[in-house]
Structure formats: structure tokens, C-alpha cells
Q: 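The structure follows.
Each chain gets a letter, A, B and so on, in the order its sequence line appears, and its residues count up from 1.
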There are 2 protein chains.
Amino acid sequence: MATTIEDVAREAGVSIATVSRYLNGPDGIVAEDTGDRVRAVVERLGYVPNSVARSLKTGRTRLIGVLLANIAHPYWSVVLSGVEEACQRAGYGAIVSSAADRADVENSYLRAFLRQRVDGILLNPATAAPSTVEAWARLTVPVVTIDRTLPGLPFGLVAMDNALGTRLGVEHLLGLGHRRIGFVSWRPDGLSNREERLAGYQDALADAGVEADGELIRFAADGWSDGVDQTLALLAERDPPSAIVSASSMLNLQVLAAVKRRGLRVPDDVSVVGYDDSPWDPLLDPPLTTVATPAKGLGWAAAERLIRAIEGDHPDDAGEVRLVPELVVRHSTSARRRGGILPPSP
Amino acid sequence: MATTIEDVAREAGVSIATVSRYLNGPDGIVAEDTGDRVRAVVERLGYVPNSVARSLKTGRTRLIGVLLANIAHPYWSVVLSGVEEACQRAGYGAIVSSAADRADVENSYLRAFLRQRVDGILLNPATAAPSTVEAWARLTVPVVTIDRTLPGLPFGLVAMDNALGTRLGVEHLLGLGHRRIGFVSWRPDGLSNREERLAGYQDALADAGVEADGELIRFAADGWSDGVDQTLALLAERDPPSAIVSASSMLNLQVLAAVKRRGLRVPDDVSVVGYDDSPWDPLLDPPLTTVATPAKGLGWAAAERLIRAIEGDHPDDAGEVRLVPELVVRHSTSARRRGGILPPSP
DNA sequence: TTGTAGGCGTTATCAA
DNA sequence: TTGATAACGCCTACAA
């Protein structure tokens with residue numbers, strides 16, 4: 001067994017209360033020479049306080065649970081770096097897990113977190129299944145949803161202003177003279193982020209008096225390939241778009257690849273606006289015009305907020321915090337050419 | 001306070017020992033009707049066992065610490081998905097943290113893990129600082145290093161066969177007739193993965209009897225931009241390479257971007273072999289020939305091994321497990337053209 | 001300024 | 001088959 005506070009107390013010739021006070025109390029709560037003796041013994045024995053015992057006593061673990069829909073998406077590595085930073089500053093640890101996009105896995109992790117007595121949970125919901133809402137609704141630990149939520153979840157949300165994000169892309173293209181603007185996104189599934197990005201696209205067009213055309217909207221299945229097919233289908237229409245807005249960092253490359261595979265040039269034949277401004281977006285060919293979403297800031301803000309809720313200051317329990325995306329103009333967009341897309345080369 | 005085992009016992013009219021047995025013991029350790037009563041009460045009260053108390057008693061937390069050098073690298077999101085999967089299967093949770101490439105942060109997380117009484121640690125060392133080795137060397141918890149290690153760390157390692165990885169790239173290019181093959185990697189820092197990838201490149205050339213030329217080796221500073229500059233410098237040499245091997249997924253795009261910025265075509269003017277086969281590599285322009293490294297498998301194998309060590313079967317405590325990379329040939333490499341690189345267009 | 005002792009919620013030993 | 005009870009390691013009144 002590891003050395004305990006009792007070992008330290010015995011060796012130092014004091015009581016465990018004194019050791020505990022020296023370790024946790026404010027400066028000067030133990031006499032200076034007593035403290036010196038304790039410190040020496042702690043050092044010599046390599047004593048490491050057992051926070052399991054501490055948690056049992058205090059009822060707090062200084063652990064938060066982070067439940068991601070799917071951690072394999074590269075976007076989350078950056079978000080997590082923000083979560084880590086906020087946790088580290090506040091002295092919390094993060095148990096992170098990934099639901100692999102399945103509601104049942106999500107549920108089982110939720111139960112695990114409850115058993116672990118985490119002080120709070122950061123939730124990126126995996127699905128819009130009703131069971132999800134039901135299971136989470138009557139929780140007592142603080143929960144903050146991150147990046148997206150779904151109807152009925154009574155938690156605070158920290159997310160991007162998704163509607164503004166796609167709107168920025170559309171308005172940029174409108175300003176360049178584009179009127180037929182395609183939209184490639186994930187298939188809507190009841191989760192807020194997808195719905196909002198679609199709405200931002202549609203509203204921006206409507207506000208500009210541009211006629212909506214459902215044919216210009218394509219939904220891809222999750223993953224790294226269907227976005228290519230959907231974009232190809234979009235480009236193969238009778239009246240194809242002169243510009244495309246991608247609604248996700250994973251789709252950016254798929255849209256670009258499809259345009260090129262079709263033998264078209266970006267931006268000369270088709271302008272492309274990406275999403276998220278991943279670190280590699282400036283390195284693409286051409287450097288991608290993108291809606292920048294501060295991924296690290298998202299993680300940081302969400303963790304910060306959760307920790308505040310845990311520590312008792314809940315200014316706006318179920319309110320939303322929306323981070324503001326910004327358009328970064330690079331070289332994948334240009335003024336609309338007359339004449340539209342040429343037929344594919346044979 | 002949450003409901004405890006005592007509440008359940010009282011409501012069910014049994015002792016807490018019986019409740020505990022019903023919950024943890026093998027089937028049939030309590031009489032069927034007793035069990036039914038307990039189950040009903042557990043359900044009604046929404047009792048969730050407190051694993052903090054359980055851990056205090058048993059001395060095991062079923063938690064592992066995952067200490068990454070820098071989680072912000074997108075590669076790790078995929079690795080972590082493998083770690084998660086292994087943990088989930090075995091009923092463990094993973095506290096993940098990121099050292100932001102700093103030895104002091106790494107050390108403070110190590111202490112935090114020790115306080116938390118994690119059952120084991122998965123370590124991706126941040127630096128080759130001597131303090132690192134010293135701090136870790138006399139640990140008692142099981143530790144498995146992942147992806148890389150450094151001299152003096154007495155732990156098992158689960159990593160790619162890095163030398164084979166770059167060798168595969170070089171041999172592929174040699175087979176295509178290339179002789180002047182450039183190498184763009186991270187600046188060596190004493191960590192095994194970087195050293196090994198360099199050695200693999202050098203050995204493959206030596207084995208083929210190709211003269212080594214230090215000018216063909218360029219080291220980039222961490223991040224998303226210096227790799228571009230280093231590649232540009234490489235291409236600006238008097239006798240530039242006809243092919244380049246990139247030693248990291250983060251450098252793939254930087255190398256590609258630099259070649260294009262120089263006005264050269266891939267693979268017609270310069271062949272490029274990438275590293276890691278990220279999910280987006282097939283979508284690049286041109287689709288990247290890459291050394292595929294099973295990132296998810298890496299995470300899975302490392303976590304699996306750590307869990308085995310925790311549970312007491314340590315077949316090969318400090319040995320290495322090397323995952324085998326494979327070359328995926330796409331369209332960024334081609335036979336060497338005669339005449340070499342043209343001068344840059346004005 | 002320091003010490004004593006009770007209790008946090010479990011598990012597991014020993015009896016019954 | 002079940003129940004009492006002693007730890008596990010720490011924090012924190014309350015006493016001294």
C-alpha cells in the first residue's frame with residue numbers, strides 16, 4: 001500500500017489533523033517548525049495524498065465527464081485542447097469518452113459518469129433519440145452541452161453561431177455576384193448544429209431575394225466519401241451552382257475534391273467556401289476561404305462555464321453562449337464568371 | 001445527498017451486505033425473492049453505486065490516465081478513439097490531458113494522476129528532458145508509452161515501426177527511379193519517433209547504395225507553417241530532389257503546398273510520399289501516396305496492453321509492440337522524369 | 001497551535 | 001442465505 005497521511009503523522013510526530021491542515025490549510029495554520037517537520041517527512045516518504053479518500057469525505061471529485069458523439073472527428077482534438085486548458089487552470093480532470101454516434105453507448109457512459117461521481121458533464125449529444133432527452137432530463141449534476149443540443153435538453157449550451165456561419169459564407173458569395181449557390185452539409189438529424197447551418201444558408205438567400213432551389217442543397221452521410229458524391233451530383237445538375245458552401249470541416253475537402261474530379265477549377269469555375277478554418281485550410285489548393293470557428297475557444301468556454309456552474313456561480317443556467325464565427329477570405333472564391341460551368345471534358 | 005446503499009437496504013428490509021452482494025456478486029448469491037426486492041428498490045430510488053467509496057475500499061479506480069504531449073494534433077483524435085474503445089470494452093475510464101509540449105505541465109499532470117490513484121498511465125512523452133525520465137522512473141503504477149519513448153524510460157512501448165514507415169516511402173521512390181529524395185520531418189528532439197523516421201530514410205538510401213546528401217534533409221519547427229518554408233528551401237537547392245518524403249501527417253500538406261507554391265506539379269515535377277494516411281489524404285490534389293499508420297489501432301493496442309498490465313498479466317513488461325505501416329500508392333508519385341526540375345517561372 | 005474522533009459509502013470477513 | 005462490523009484514507013468539528 002502507498003504511504004498514507006497516518007504514516008506521515010507518525011514519522012513527523014504529529015497528529016494526522018496537523019498533517020492535513022499543513023497540506024490543505026492556509027499558510028500559517030500550523031507552526032512554522034511543525035510545518036517544516038511535516039514537509040520533510042512528506043518529501044522523504046514520497047507521500048501523495050489520496051484524492052479518492054478526499055472525494056469520499058468531501059463529496060466532490062474535481063473530475064468532469066466529457067461525452068463526445070464521436071471523438072474521431074479531427075475537429076475535436078482542437079476542442080479538447082481548450083477543454084484541457086480550462087480544466088487544468090481550475091484543477092479539474094476530464095474523463096473523456098466517445099459514443100461512436102450511438103445513443104446506447106452514450107447512455108452507458110452517462111451511467112458510468114454518475115457512478116464515478118463526476119462533478120459535472122460536458123455533453124456533445126450523439127443523436128436526437130428521445131431516450132437521450134429522457135435519460136438526461138432528470139439529472140442532478142450540472143451539465144453543459146457543447147457545440148449542439150436538441151429540443152428538450154434543459155442544459156446550458158456553448159456553441160458556435162451556426163446560422164451566422166453559413167450566412168457569412170452565403171453573403172460573401174452573393175457579394176461576388178453568385179446567385180446559384182450550392183450547399184453541402186450533413187444529413188439533418190434533429191441536432192441543432194446541422195439545422196442551424198441549413199437555416200443560415202436558406203435565410204441568407206431569402207434575405208437577399210434569391211429564389212430558393214432545393215436542388216442546390218445536398219446532404220451527405222457521415223464519413224469521408226459521400227460528400228464527394230453529393231457534390232458531384234450537385235455539379236451534374238441542369239443548372240449547376242457557380243459556388244458552393246460546405247457546412248463542415250470534414251466536407252471541405254470532399255467538396256474541393258469533387259469539383260476537381262469533375263475537371264472544374266476553383267475558384268474560376270466554382271467558388272468554394274469552407275467551414276471551421278482547420279489549421280490546414282490555408283494549405284489547401286487553393287487556400288480555402290472559410291468560416292473560421294474558434295474550436296479551442298469553444299472547448300475552453302464550455303469547460304469554463306461548466307466549472308463555474310459546479311462551483312456554484314450559475315449566472316444563466318440554461319442559457320446559450322454563442323461564439324461568433326468569422327469569414328476568412330483566401331483564394332477559393334472569386335467573382336462569378338459569365339457563362340457558367342462548361343460541360344465536362346470528354 | 002444521493003441515495004446510498006444503506007437507503008436501499010432499509011427500504012428493502014435487508015442488510016447493506018445483501019444489497020452489495022446482489023449488486024456485485026455472482027448470480028444466485030442472494031435468494032431470488034430477496035434479489036427481486038432489492039432490484040425493485042434500486043429502481044424506485046434510482047440508486048447509483050458510488051464508485052469513489054468502492055475505490056477507497058478496493059484500492060482500484062478503474063481509471064487510467066492518458067497524458068498526451070499535445071492533443072491538438074488531429075492525429076490524436078483518431079488514436080483516442082482507439083483508446084476509448086479498449087477502455088470501454090474493459091470497463092475503464094480515461095482521464096485525458098495534454099502537456100502542451102511542456103515538461104513542467106507533463107510533470108504536474110503526472111502528480112495529479114498519482115493523487116487520483118489511476119490504475120495505470122498511457123504516456124506520450126512531451127519532451128526528452130532528463131527531469132521527465134527521473135520523475136517517471138520510480139513510479140509504481142503500470143505505465144505504457146504510446147507512439148514514442150525516450151532513452152531511460154523503463155516502460156513498455158506501443159508504437160509504429162517508424163523506421164519501416166519512412167523506408168517504405170523511400171523504397172517506393174527508388175523503385176520509380178528517383179535518386180535524389182528529399183526528407184522533411186520535425187526537428188529531432190531525442191524522442192524516438194523522430195529519430196527512427198530519420199534513420200529509416202537514411203538506412204533505406206544507404207542499403208540502395210545511394211549517396212547521402214545532408215542538404216536533402218530538412219527539419220521543420222512544430223506547427224503548420226515552417227514545413228512550407230523548409231520544403232521551399234529544399235526545392236531551391238542547386239541540385240533539388242525529384243521526390244520528397246514527408247515524415248508526419250501535419251507536414252504532408254505543408255510539403256504539397258510548398259511544391260505548388262513553387263509552381264511545380266505533383267507528381268510530374270516532384271513526387272511526394274506522405275505519412276500516416278489521414279482520412280483526408282485520398283481527397284488531396286493529387287490523392288496522396290502515403291505510409292498508412294493505423295492510428296486507431298495504435299490507441300487500441302496501447303490501452304489494451306496497459307489494461308492487461310493492470311489486471312496482472314504482464315507477458316512482456318518493458319518490451320516493444322510495433323505496428324506495421326503499409327504503403328498506399330495513390331497519385332502523388334510517379335516515375336522520375338529526365339531533366340529534373342525546371343527553373344521557377346518568373 | 002495541536003489532537004481526538006466521527007463519518008463519508010463501500011467491500012469483505014466472520015458469524016449466525 | 002443473510003447480517004454485523006471493521007476497515008479504506010481523509011477532513012473537520014470539537015476539545016484541549
Q: Looking at A:E304 and A:R308, is there a salt bridge between them, counting it only when a charged N and a carboxylate O are closer than 4.0 Å?
A: yes
Q: How close do B:L23 and B:Y47 get, heavy atom to heavy atom, and via which atoms?
A: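 Nearest heavy atoms, B:L23 then B:Y47: CD2-CE2, 3.6 Å.
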Q: Under 4.0 Å between a side-chain N/O of B:N50 and OP1 or OP2 of C:dC8, yes or no?
A: no
Q: Any chance you could measure A:I71, atom CD1, to B:S81, atom OG, to the nearest 0.5 Å?
A: 7.0 Å
Q: Answer whether the closest heavy-atom distance between the side chains of B:L68 and B:S97 falls below 4.5 Å.
A: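 The answer is no, as the side chains (C-beta and beyond) never meet within the 4.5 Å cut-off.
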Q: Is there a side-chain polar atom (N or O) of A:T18 under 4.0 Å from OP1 or OP2 of C:dG3?
A: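 It does, given that an N or O in the side chain of A:T18 lies less than 4.0 Å from OP1 or OP2 of C:dG3.
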Q: Salt-bridge test for B:R194 and B:D189: reply yes if a basic N is under 4.0 Å from a carboxylate O, no otherwise.
A: yes
Q: What's the CZ-C1' distance between A:R54 and D:dC8, to the nearest Å?
A: 17 Å
Q: Could you tell me whether the side chain of A:D147 reaches within less than 4.5 Å of the side chain of A:N193, counting heavy atoms only?
A: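 In short, these two side chains touch, coming nearer than 4.5 Å.
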Q: Counting a pair only when it is Watson-Crick or G-U and both distances are under 3.5 Å, which runs of at least 3 such pairs involve DNA chain D?
A: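 Ordered by first number, the stems with DNA chain D (at least 3 consecutive pairs each) read C:1-16 with D:1-16.
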Q: Sub-3.5 Å donor-acceptor pair from the side chain of B:N70 to the main-chain atoms of B:A100, do we have one?
A: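 No, because the side chain of B:N70 does not come within donor-acceptor range (under 3.5 Å) of the backbone of B:A100.
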Q: Just how far, in rounded Å, is P of C:dC8 from CG of B:L56?
A: 13 Å
Q: Base, sugar-phosphate alone, or nothing: which one does B:V52 contact when heavy atoms must sit under 4.0 Å apart?
A: nothing
Q: Ion pair present between B:E195 and B:R148, side-chain N to carboxylate O less than 4.0 angstrom?
A: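 No.
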Q: Would you mind reading off the distance between A:R60 atom CZ and C:dG9 atom C1', rounded to a whole angstrom?
A: 18 Å
Q: Please report the distance, rounded to the nearest Å, between CG in A:D36 and P in C:dT1.
A: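 Nearest whole value for this atom pair: 14 Å.
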Q: Could you work out which one of D:dC11, C:dT11, C:dT10 sits closest to the side chain of A:R117?
A: C:dT10
Q: Is a salt bridge present between A:E11 and A:R44, judged by a nitrogen-to-oxygen distance below 4.0 Å?
A: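 Salt bridge present between A:E11 and A:R44.
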Q: Can you see if the side chain of B:S20 gets near the phosphate of C:dT11 - specifically, an N or O under 4.0 Å from OP1 or OP2?
A: yes
Q: When you check the gap from the basic side-chain N to the acidic O, do B:E85 and B:R89 get nearer than 4.0 Å?
A: no
Q: Atom CZ of B:R62 and atom P of C:dT10: how far apart are they, to the nearest Å?
A: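 So the two atoms are 17 Å apart, to the nearest Å.
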Q: Checking all strands, does B:T34 fall into the base, sugar-phosphate, or nothing category for heavy-atom contacts under 4.0 angstrom?
A: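 It contacts sugar-phosphate atoms only.
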Q: Examine D:dC11: is either OP1 or OP2 under 4.0 Å from a nitrogen or oxygen in the side chain of A:T58? Give yes or no.
A: no
Q: Do the side-chain N or O atoms of B:T4 get closer than 4.0 angstrom to the phosphate oxygens (OP1, OP2) of C:dG9?
A: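 So the side-chain polar atoms of B:T4 never come under 4.0 Å of the phosphate oxygens OP1 or OP2 of C:dG9.
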Q: Could you check A:V30 against A:I16 and say which one's nearest nucleotide on DNA chain C is further toward the 5' end?
A: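 This one resolves to A:V30.
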Q: Starting from P on D:dC8, measure out to CD1 on A:I5 and report it in whole angstrom.
A: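 Result: 15 Å.
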Q: Please report, rounded to the nearest Å, how far the C1' atom of C:dG3 is from the CD1 atom of A:I29.
A: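 Rounded to whole Å, this separation is 13 Å.
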Q: To the nearest angstrom, how far is A:R37 atom CZ from C:dG3 atom C1'?
A: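 It works out to 14 Å between those atoms.
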Q: Can you check nucleotides 13-16 of chain C for protein contacts, nitrogen or oxygen pairs under 3.5 Å, and list what you find?
A:
none

Q: Distance check: side-chain N/O of B:Y22 vs OP1/OP2 of C:dT11, anything under 4.0 Å?
A: no
Q: Go through the N and O atoms of the side chain of B:K57 and the base of C:dT10, and report whether any donor-acceptor pair is under 3.5 Å.
A: no
